[in-house]
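What follows is a single structure, written as structure tokens, with notes after it.
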2 protein chains.
Amino acid sequence: MSLNPAPLDDAFRALADPTRRAVVEALARGPATVSELARPFDMAMPSFLQHLKVLEEGGLVATSKKGRVRTCALRPEPLAAVGGWLDAQRALWTQRLDQLDRLLLSLKNDEERR
Amino acid sequence: MSLNPAPLDDAFRALADPTRRAVVEALARGPATVSELARPFDMAMPSFLQHLKVLEEGGLVATSKKGRVRTCALRPEPLAAVGGWLDAQRALWTQRLDQLDRLLLSLKNDEERR
DNA sequence: AAAATAATTAGGTATTGACCTAACTATTGG
DNA sequence: CCAATAGTTAGGTCAATACCTAATTATTTT
């Protein structure tokens, strides 16, 4: 009943880190090179590259290298998948609340009727 | 410029695990006790409790104990926060694409004009 | 060709995460 | 009261994560 694809794991995991979310925020504004992306962070380059790798594995970032420069771009699909999952849960939740509302309303009507 | 609240960390982290997402999916349909929630998983109770704890720390689940039974309920706020963050990134992304579209269009017009 | 730049690889440490078993503490039903 | 039930605590293992430094490769710039 519940779609539980491993891709969601990787996407959520990638987004669970503030550095990686900041990278996504940067790339949402447009492509950037590794060095540009890394600049704001007080972190050694290899550490940053590891974060990038997690983002790539999660499918959130695609990269390509030209000369000695690697350029990164955001891939929106995993964000959409995550959003879809969230929406599904919120739909269930609100649906249930609506049912509760209806129940309470009918109880109230019964009350008034006597 | 980028809101980077720690709460998002905890929420994303909580959702990065399939067991925990399944718990959220279950609770979206309505409250349940710890044992009920744990039943589907092939996992020792203490392990499951640890997952629950992560969900509580992420603010996704609230629990209360009556007698020997602990009942769990979903808290939708963190889901909303996560959804909001996602929407913000997707908005930036599509906005940028739109700008690109306009740019390409104007280039095309220039072309036609000569 | 030498020096600077961009990224990568190798390898190490310390913390956290995901599981387990075993033993324990309520609470509740018979 | 006693046994079953629901959950908890303590403590241990093993793998993964998040960082680091140092050394290396490949490409540009001067």
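Chain letters run A, B, ... following the sequence lines, proteins first and then strands; every chain starts at 1.
Note that Arg90(A) lies outside the cation-pi zone of Trp93(A), set by a 6.0 Å cut-off to the ring centre and a 45° limit from the axis.
OP1 or OP2 of dC20(C) lies within a sub-4.0 Å distance of a side-chain N or O belonging to Ser47(B). An OP1 or OP2 oxygen of dT8(C) is reached within less than 4.0 angstrom by no side-chain nitrogen or oxygen of Arg68(A). Distances shown here put every side-chain N or O of His51(A) at or beyond 4.0 Å from the OP1 or OP2 atom of dT17(D). Within the structure, every side-chain polar atom (N or O) of Arg13(A) is placed at least 4.0 Å from both OP1 and OP2 of dA16(D).
With rounding to whole Å, Glu36(A) atom CD is found 9 Å from dA6(C) atom P. Taking atom CZ on Arg21(B) and atom P on dA18(C), their separation rounds to 12 Å, with Å as the unit. In this structure, Asp17(A) atom CG and dT16(C) atom C1' are separated by 13 Å, rounded to whole Å. One atom, CG of Leu49(A), and another, P of dA10(C), lie 14 Å apart when rounded to the nearest Å. In this structure, CG of Asp10(B) is placed 14 Å from C1' of dG17(C), rounded to the nearest angstrom. Between the CZ atom of Arg70(B) and the P atom of dT25(C) there is a distance of 18 Å, given to the nearest Å. The distance between atom CG of Leu55(B) and atom C1' of dG17(C), rounded to the nearest whole Å, is 14 Å. The CG atom of Asp42(B) sits 17 Å away from the P atom of dA18(C) (whole-angstrom rounding).
Of all the heavy atoms in Gln89(A) and Ala28(B), the pair that sits closest is O-CB, 3.7 Å. Val34(A) and Phe48(A) get closest at one heavy-atom pair: O-CE2, 3.8 Å.
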> Passes side-chain contact (heavy atoms from CB on, under 4.5 Å), Leu92(A) versus Glu25(B)? Steps please.
Replying inline: CA-CA 8 Å; Leu92(A) 284 176; Glu25(B) 289 170 6; 5.7 Å; no
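Place Lys65(A) and Met43(A) on DNA chain D by their nearest nucleotides, and Met43(A) ends up nearer the 5' end. Between Pro46(B) and Met45(A), it is Pro46(B) whose nearest contact on DNA chain D lies nearer the 5' terminus. Mapping Gln50(A) and Thr71(A) onto DNA chain C by nearest heavy atom places Thr71(A) at the nucleotide closer to the 5' end.
Expressed to the nearest 0.5 Å, how far CG of Leu52(A) lies from CE of Met45(A) amounts to 9.0 Å.
Nearest to the side chain of Arg20(A), among dT8(D), dA18(D), dC20(D), sits dA18(D).
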> Could you write out DNA chain C as a dot-bracket string, with dots for unpaired bases, | for bases paired across to another strand, and Watson-Crick or G-U pairs counted at under 3.5 Å?
Replying inline: ||||||||||||||||||||||||||||||
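A donor-acceptor contact shorter than 3.5 Å is absent between the side chain of Arg20(B) and the backbone of Leu15(B).
Under the 4.5 Å side-chain criterion, counting only non-hydrogen atoms from C-beta, Thr19(B) is in contact with Met43(B).
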